[in-house]
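Numbers here are sequence positions counted from 1. From a predicted model like this one, the values you see are computed outputs, not experimental measurements.
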Amino acid sequence: MYPAAAHCLGVVLIPLLSTIHLTANTRVSPGFALIDQSGATITNEDLRGDIVVIGLASLDCDDTCEATLGAMKQAAQQFSNASDDPDQPDIRLMTIIVDPVEQPNVLESFAEQHDLVEDRWSIVSGSESVLRAVVGSGFEVYLAKRGDGALVHDPAVFLTDHAGFLRAEYRTGSPRAATISEDIDRVLAEANAGKVGGILYNAAHSLSLSCGG
C-alpha cells in the first residue's frame, strides 16, 4: 500500500476504532414470547426492526432495580421515535419481571408505580418455566428461588440492534446511562449508515478484534 493511501486509511479507521464499544453482531438475541401490561403477547420477532434496551426487575423493586430502571429511562430520553424516515429504527424499552406473572393488571400496576407508562416501554413476564428459559438460559443471567418462592436474579441490561442481534451487555446494578445512550447512538448510526457504512463498521470492528482491541 502506498504511504499516502495507508495514511488516509489510518485517518478513517483510527477515529472509528477508538469509538467501538459494542460487540460484533454475531449473537442473536434470545427468542421469547412474554405477556405485557396490556395483555398482549410480545415476541422477539415483534421487536425486530427496532433497537431495544432490555432490563430485568422484580416486583419488590429494590435500590439496585430502581437504579437499573432509572438508567434505562435516562439513556432513552434523548431519542425520539418520531421520524420522517419509515426505515429508521425506533428505540424501544422492555423490562422483564423475573417474578412469574401472568396477570396484565399486575404488570400495569408496576409500570404506573415506577412511572414507566410511555408507549415504547413494555413490562413483560410469564410462567416460571418460560422465565427460566428466557432469562436463565437465553440471556445467561443467574436466577435462584428464595424461601418465599420468588425468583431473584443478578442485575443485567442488554442492548439489541434492529436486526435482532445482542450488541451490548451491562451486568451491573448501576449501569451508566451515558454509556447505554452512547451505544444506542452508535447502533442507530450504524443502522442509518446503509450498506457501505455497515461494511466499513464491520471491517473496522474485525480489524480491532484481530489487533486485540
Side-chain angles (χ1 to χ4, degrees), residues 21-23 29-30 32 34-39 42 44 47 50-81 91-161 166-187:
H21 295 167
L22 305 175
T23 60
S29 178
F32 56 81
L34 299 165
I35 190 169
D36 74 0
Q37 68 268 40
S38 70
I42 302 293
N44 54 301
L47 300 177
D50 296 331
I51 296 169
V52 189
V53 182
I54 302 171
L56 307 179
S58 56
L59 290 178
D60 58 344
C61 193
D62 59 12
D63 291 343
T64 297
C65 169
E66 291 282 8
T68 297
L69 295 174
M72 291 173 63
K73 184 183 300 186
Q74 185 178 346
Q77 280 179 342
Q78 72 183 71
F79 300 98
S80 170
N81 284 347
I91 309 301
R92 298 279 300 273
L93 300 105
M94 187 172 77
T95 296
I96 301 176
I97 303 297
V98 300
D99 303 285
V101 177
E102 298 181 74
Q103 299 81 26
N105 62 301
V106 176
L107 302 175
E108 184 178 22
S109 295
F110 182 91
E112 293 173 351
Q113 179 182 355
H114 298 281
D115 192 25
L116 314 177
V117 294
E118 55 183 293
D119 291 339
R120 61 179 172 178
W121 204 316
S122 298
I123 312 299
V124 299
S125 190
S127 67
E128 180 177 338
S129 61
V130 167
L131 291 169
R132 286 190 178 277
V134 174
V135 177
S137 299
F139 285 107
E140 300 177 355
V141 175
Y142 173 76
L143 283 175
K145 183 176 287 190
R146 295 188 319 209
D148 61 2
L151 292 177
V152 294
H153 63 94
D154 284 344
V157 175
F158 302 91
L159 176 64
T160 67
D161 67 15
L166 185 62
R167 301 301 302 277
E169 303 179 21
Y170 317 95
R171 294 180 180 267
T172 171
S174 54
R176 293 185 65 251
T179 299
I180 301 174
S181 181
E182 289 166 5
D183 288 343
I184 293 173
D185 195 43
R186 292 189 180 98
V187 173

Looking only at non-hydrogen atoms, find the nearest pair between [X] and [Y] and report the distance.
X: Val117; Y: Glu112; result: CG1-CA, 4.0 Å
X: Pro175; Y: Ala71; result: O-CB, 3.3 Å
X: Tyr170; Y: Thr179; result: CE2-CG2, 4.1 Å
X: Val134; Y: Phe32; result: CG2-CB, 3.6 Å
X: Cys61; Y: Glu66; result: SG-N, 3.5 Å
X: Ala144; Y: Tyr142; result: CB-OH, 3.3 Å

Item to check | From CA spacing to verdict: side-chain contact (heavy atoms from CB on, under 4.5 Å), Asp115, Lys73 | outcome: CA-CA 10 Å; Asp115 192 25; Lys73 184 183 300 186; 3.8 Å; yes
Item to check | Full working for side-chain contact (heavy atoms from CB on, under 4.5 Å) between Arg167 and Asp183 | outcome: CA-CA 9 Å; Arg167 301 301 302 277; Asp183 288 343; over 6 Å; no
Could you tell me if the side chain of [Y] sits less than 4.5 Å from the side chain of [X], heavy atoms only?
X: Leu47; Y: Thr160; answer: no
X: Pro30; Y: Asn44; answer: no
X: Arg171; Y: Val141; answer: yes
X: Ile96; Y: Phe158; answer: no
X: Phe110; Y: Val101; answer: no
X: Asp50; Y: Arg120; answer: no

Item to check | Derivation and outcome, side-chain contact (heavy atoms from CB on, under 4.5 Å), residues Leu143 and Val98 | outcome: CA-CA 9 Å; Leu143 283 175; Val98 300; 4.3 Å; yes
How long is the straight-line distance from [atom2] of [Y] back to [atom1] of [X], given to the nearest 0.5 Å?
X: Ile51; Y: Arg186; atom1: CD1; atom2: CZ; value: 13.0 Å
X: Trp121; Y: Leu93; atom1: CH2; atom2: CG; value: 5.0 Å
X: Asp99; Y: Leu107; atom1: CG; atom2: CG; value: 10.0 Å
X: Thr68; Y: Leu56; atom1: OG1; atom2: CG; value: 8.0 Å
X: Leu34; Y: Ser127; atom1: CG; atom2: OG; value: 9.0 Å
X: Thr95; Y: Asp36; atom1: OG1; atom2: CG; value: 12.0 Å

Checklist entry - Crowded around Asp119 CG? As in, over 12 foreign heavy atoms under 6.0 Å? => result no
Checklist entry - Do other residues, nucleotides or ligands put more than 12 heavy atoms under 6.0 Å from Asn105 CG? => result yes
Next on the checklist: Between Glu169 and Glu140, does the side-chain contact (heavy atoms from CB on, under 4.5 Å) criterion hold? Intermediate values first, please.
Outcome noted: CA-CA 11 Å; Glu169 303 179 21; Glu140 300 177 355; over 6 Å; no
